[in-house]
Colleague: 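Please read through the structure below; I'll follow up with questions.
Naming convention: chains lettered A, B, ... in sequence-line order (proteins, then strands); numbering from 1 in each chain. All figures in this text were calculated on a predicted structure; none of them were measured in a lab.
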2 protein chains.
Amino acid sequence: MQGEELGTAPGPLRELLRIPEGTRVDLSSYAADATPGGPADKAAGVLDTARMGERLADLQERLYAASTADDRRRVLLVLQGMDTSGKGGTVKHVIGLFNPSGCRIKAFKTPTPEEQSHFFLWRIMRELPLPGEIGIFDRSHYEDVLIARVHDLVPRSQLGRRYGKINHFEQTLADDGVTVIKCFLHISYDQQRRRLLERLDNPDKHWKFSTGDITERALWPAYKEAYEIALERCSTAEAPWYLIPADRKWYRNWAISKLLLEHLTALDPRYPAADFDVEESRRLLLQGG
Amino acid sequence: MQGEELGTAPGPLRELLRIPEGTRVDLSSYAADATPGGPADKAAGVLDTARMGERLADLQERLYAASTADDRRRVLLVLQGMDTSGKGGTVKHVIGLFNPSGCRIKAFKTPTPEEQSHFFLWRIMRELPLPGEIGIFDRSHYEDVLIARVHDLVPRSQLGRRYGKINHFEQTLADDGVTVIKCFLHISYDQQRRRLLERLDNPDKHWKFSTGDITERALWPAYKEAYEIALERCSTAEAPWYLIPADRKWYRNWAISKLLLEHLTALDPRYPAADFDVEESRRLLLQGG
């Protein structure tokens, strides 16, 4: 790893933010406004994130280029978190650093009747990134053990089996060359209220608000528990969860950019060698006029 | 229009670059290194393009927000041009100015067997933008009257009917609220050689090159004629073609950004009004703790 040149973290950020496999998670014990391994302040964080942009785009191009020579590797960034935790903002500010043509972004909403008539992973599989791409899920198959648990959408026995199915699915992805990076955007209850009030205070943001946000907020303890269980059962060696303190938007953007940079750097994708005669092609071009 | 504040063009750029309906097109008569209506030089062009970014992203958000209140309007940018004309570069540099979550980008390749077994517009329809989105086609249904014509992939009689089918299809899109912006990236034969040689000179760009590029280049006159016919027959009032001189990458990026800005400004999308009681929601949030 290149921790010393990638920012201010003493070691890889992914070690710092990763939820160890099988660990009991108590979200109350994580400060949502912390900045573990991060730059000193917002100004430094914003600058460092912007600076990472060029390297992220360069690595993304290499990953895409490699896919043209049968390198199947790709990345899948999964974003989960309570309402207002910044999933959309992450796509805008972090994924906005990449070349959009190599990004496959999907925001999962309430399942359609067609989606509901299938196995819960069916709609997920259809949106997976192709080799060379960066896939981004704004919400994901985890909704099927989060909102599904909180609202008792399926019997508990069926819910219980979903964790194993998810782990099996993600293992299959990893075996197929997908680097799965799952980020839980951790905000505090107070911060959510501030963000919802901001939306109410600004008429240009009213469209982002619905009264359902308030009824869901009342279920905060149940969602917290559902997240704790999912983070505990589904943070695996092949597809770990990262806990991103997200009360500070600049830290959230910095940390996710850095996680992507660390993973892409480790993948070390290479431009493929020419599969044609370069000199002959040059000659043909020059003589062709 | 707001020509005076949108850049240096005396009038709307879309009037300047638009190919009038039914006009006979002779591409030789358009200088590919021209900068019609553009800034004085590259530095000014790059700066002006960056400056447009904030307004483009703002208008995009408004368009998306409006779609949540049943405004069906959306934009479809179609990019066509010879190899190396900069379709991919446009996506990277122009579409990179937008929020990626609201962009639906599709690069059309050689049709798959499944796609070939359908009507030629079938695969196109599946990739159309949803209300509120900016759709971007890197190549499009026009390939079916370009490469299909040059390589005689279909009988001439069948080819001849495709122009009308395309116009009918695009009229249907316009009727459904799609603003269709078709950009032909016009490069010179010499500029294509320079760009292909650049790819050969840089091992990191070898993956972008194939010897097929040279055999296709030998068909330049046939492609030129195919483009001229398509531009003449399919530049309609509802879905006009814009001819973008593209030898200068900075001008290409500036011009397409400005076309998008002019169209989005004309659409004037509005944030929807709240469909809930703002004061009541604020009260509930504050009392909920």
Colleague: Among residues two or more places apart or on two chains, list those pairs meeting side-chain hydrogen bond (donor to acceptor under 3.5 Å, both in side chains) that have a residue in residues 200-212 of chain A.
Modeller: A:Asp201-B:Arg282
Colleague: Going by the side-chain hydrogen bond (donor to acceptor under 3.5 Å, both in side chains) test, which pairs reach into residues 124-141 of chain B, not counting sequence neighbours?
Modeller: B:Gln80-B:Ser140, B:Asp83-B:Arg139, B:Arg104-B:Glu133, B:Arg139-B:Glu143, B:His141-B:Glu170
Colleague: Quick check on B:Phe98 against chain A: is it the side chain, the backbone, both or neither that has a heavy atom closer than 4.5 Å?
Modeller: neither
Colleague: Counting only heavy atoms not in B:Phe209 (residues, nucleotides, ligands), do more than 12 fall under 6.0 Å from its CZ?
Modeller: yes
Colleague: B:Ala274 versus chain A, heavy atoms under 4.5 Å apart: side chain, backbone, both or neither?
Modeller: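 The answer is both parts of B:Ala274.
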Colleague: Using 0.5 Å steps for rounding, measure from the CG atom of B:Asp213 to the CZ atom of A:Phe276.
Modeller: 8.5 Å
Colleague: Can you tell me if CZ on B:Arg270 sees more than 12 non-hydrogen neighbours from other groups inside 6.0 Å?
Modeller: no
Colleague: Scan B:Leu200, B:Leu197, B:Leu196 and name whichever one has a side-chain contact (heavy atoms from CB on, under 4.5 Å) with A:Ser281.
Modeller: B:Leu200
Colleague: Could you check whether atom OH of B:Tyr223 has more than 12 heavy atoms from other residues, nucleotides or ligands sitting under 6.0 Å from it?
Modeller: yes
Colleague: From A:Thr215 OG1 over to B:Leu284 CG, what is the distance, rounded to the nearest 0.5 angstrom?
Modeller: 10.0 Å
Colleague: Look at atom NZ of A:Lys224 and say whether more than 12 heavy atoms of other residues, nucleotides or ligands are closer to it than 6.0 Å.
Modeller: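 Yes, NZ of A:Lys224 has more than 12 neighbouring heavy atoms, counting only those of other groups under 6.0 Å.
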Colleague: Rounded to the nearest 0.5 Å, what separation is found between the CD1 atom of A:Ile214 and the CZ atom of B:Arg283?
Modeller: 9.5 Å
Colleague: If you count heavy-atom pairs under 4.5 Å with chain B, which of A:Ala218, A:Ser101, A:Pro100 comes out on top?
Modeller: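 Top option by heavy-atom pairs under 4.5 Å: A:Pro100.
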Colleague: Please round to the nearest 0.5 Å and tell me the distance separating atom CG of A:Leu285 and atom CZ of B:Arg193.
Modeller: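 A:Leu285 atom CG to B:Arg193 atom CZ measures 8.0 Å (nearest 0.5 Å).
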